[in-house]
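Source: prediction; values computed, not measured. We're numbering straight along the sequence, starting at 1.
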Amino acid sequence: MLRSTEPDRWNHKRPERGGPSPTRTDPPHLTLVASSTRTRARRRLRWVVGVSALLIAAGGYLHLCLYRRGYRTIPTIGTAFLLTVIASGVLALGLLVLRGFPNRLARLGGIALSAGTLVAFAISRTPAGLFNFREVGFQPSPQAALAVVTEGSALLLLLISFAIERSALPRRRFVHR
């Protein structure tokens with residue numbers, strides 16, 4: 001095997017002079033591509049989380065409108081609507097302001113709120129109802145349909161945000177020895 005005194009361009013190895021030298025496994029252009037891919041994924045993540053925050057705030061506003069229109073007089077349901085309004089405001093603000101691990105917790109809270117709202121909506125349409133409260137179809141109209149669309153979209157986008165975050169992580173390399 002012939003050895004060259006030229007350093008290898010891809011592994012950045014120095015010629016041997018007395019011991020092993022540190023090596024770099026990635027070519028420089030691949031490192032730049034990975035860095036720009038992560039930057040794009042972070043931007044995409046911020047955008048998706050921002051839209052999710054707006055959707056959660058819109059769902060909270062719809063619940064506030066229904067609460068003010070008479071749902072406040074319904075035992076248990078009125079309190080649940082008011083708690084949904086408060087939780088929506090807090091989570092929307094948290095999604096916009098927090099970064100890092102607290103933002104992940106806010107996203108999980110948003111998923112729980114949206115999924116819980118959709119489940120409660122579905123249960124209230126069953127014959128047994130939710131806490132003996134029963135509604136039919138998409139009444140009251142149009143708030144019920146808008147609430148389903150906003151909460152469903154927020155749930156979907158928050159789940160997508162975790163997939164985007166996962167794709168932005170550096171790839172793990174397993175070295176077999």
Side-chain angles (χ1 to χ4, degrees), residues 8-13 22-67 71 77 79-126 130 138 142-177:
D8 186 0
R9 295 182 122 188
W10 298 110
N11 290 326
H12 298 280
K13 291 181 183 176
T23 61
R24 181 178 175 151
T25 56
D26 288 338
H29 68 277
L30 290 180
T31 305
L32 293 175
V33 169
S35 175
S36 66
T37 302
R38 276 186 241 135
T39 303
R40 274 186 268 145
R42 279 190 217 118
R43 279 190 207 132
R44 201 173 298 131
L45 178 65
R46 277 189 234 125
W47 183 85
V48 167
V49 170
V51 172
S52 300
L54 291 175
L55 289 168
I56 286 176
Y61 176 73
L62 290 168
H63 280 83
L64 177 64
C65 291
L66 290 171
Y67 177 79
Y71 277 60
I77 299 297
T79 307
F81 268 62
L82 185 60
L83 290 174
T84 301
V85 169
I86 294 168
S88 295
V90 169
L91 285 171
L93 186 64
L95 286 170
L96 292 174
V97 173
L98 299 174
R99 297 284 177 237
F101 183 72
N103 183 268
R104 285 189 204 110
L105 290 178
R107 284 187 279 153
L108 287 173
I111 288 171
L113 176 72
S114 295
T117 301
L118 291 172
V119 167
F121 180 86
I123 291 173
S124 72
R125 270 59 184 171
T126 62
L130 180 66
F138 282 101
Q143 289 90 349
L146 289 173
V148 168
V149 169
T150 58
E151 298 293 344
S153 300
L155 177 64
L156 182 64
L157 285 176
L158 288 169
L159 290 172
I160 288 171
S161 74
F162 281 104
I164 292 171
E165 184 179 46
R166 175 84 174 141
S167 71
L169 294 174
R171 303 255 184 232
R172 291 184 182 172
R173 292 201 175 116
F174 297 101
V175 178
H176 299 287
R177 293 179 187 211

Hey, can you pull the donor-acceptor pairs under 3.5 Å for the side chains in residues 109-123, sequence neighbours left out?
residue, atom, partner, partner atom, Å
Ser114, OG, Gly110, O, 3.1
Ser114, OG, Glu151, OE1, 3.1
Thr117, OG1, Leu113, O, 2.8

Q.
Could you work out, with side-chain contact (heavy atoms from CB on, under 4.5 Å) as the rule, every residue matching Leu146, not counting sequence neighbours?
A. Leu62, Pro142

(Q) Checking side-chain contact (heavy atoms from CB on, under 4.5 Å) between Leu157 and each of Ile164, Leu55, Ile56, which is the one that passes? (A) Leu55

Q) So how far is it from Leu155 CG to Thr150 OG1, rounded to the nearest 0.5 Å? A) 11.0 Å

Q. For the atom pair OG1 (Thr84) and CG (Leu64), what is the distance rounded to the nearest 0.5 Å?
A. 11.0 Å

Q. Can you list the residues that meet the salt bridge (Lys or Arg N to Asp or Glu O under 4.0 Å) rule with Arg43, with sequence neighbours excluded?
A. none

Q) What residues, two or more places apart in sequence or in another chain, satisfy side-chain contact (heavy atoms from CB on, under 4.5 Å) together with Val97? A) Leu93

Q) Distance from Ile160 atom CD1 to Ser167 atom OG, nearest 0.5 Å? A) 11.5 Å

Q. Applying salt bridge (Lys or Arg N to Asp or Glu O under 4.0 Å), which residue pairs with at least one partner in residues 111-124 are found, sequence neighbours left out?
A. none

**Q.** Results of salt bridge (Lys or Arg N to Asp or Glu O under 4.0 Å) for Arg46 - residues two or more places apart only
**A.** none

Q: Could you tell me whether Arg166 atom CZ has more than 12 heavy atoms of other residues or ligands within 6.0 Å of it?
A: no

Q. Got a sec, which pairs hit ring-ring contact (aromatic ring centres under 6.0 Å, His included) with one end in residues 89-119, sequence neighbours left out?
A. none

Q: Looking only at non-hydrogen atoms, find the nearest pair between Val49 and Ser161 and report the distance.
A: CG2-CB, 4.1 Å

**Q.** side chain to side chain donor-acceptor pair (under 3.5 Å) partners for Tyr71, two or more places apart
**A.** Glu135

Q) How would you list, by chain and number, every residue that makes a side chain to side chain donor-acceptor pair (under 3.5 Å) with Arg104, sequence neighbours excluded? A) Glu165

Q) Of all residues at least two apart in sequence or in a different chain, which pass the side chain to side chain donor-acceptor pair (under 3.5 Å) check with Ser88? A) none

**Q.** Heavy-atom pair with the smallest gap, counting every atom of Gly60 and Val85
**A.** O-CG2, 3.4 Å

Q. Which pairs pass side chain to side chain donor-acceptor pair (under 3.5 Å) with one or both residues in residues 54-66, sequence neighbours excluded?
A. none

**Q.** side-chain contact (heavy atoms from CB on, under 4.5 Å) against Leu82, all qualifying residues, sequence neighbours excluded
**A.** Tyr67, Ile86

**Q.** Minimum heavy-atom distance between Ala57 and Ala92, given as atom pair plus value
**A.** CB-CB, 4.0 Å

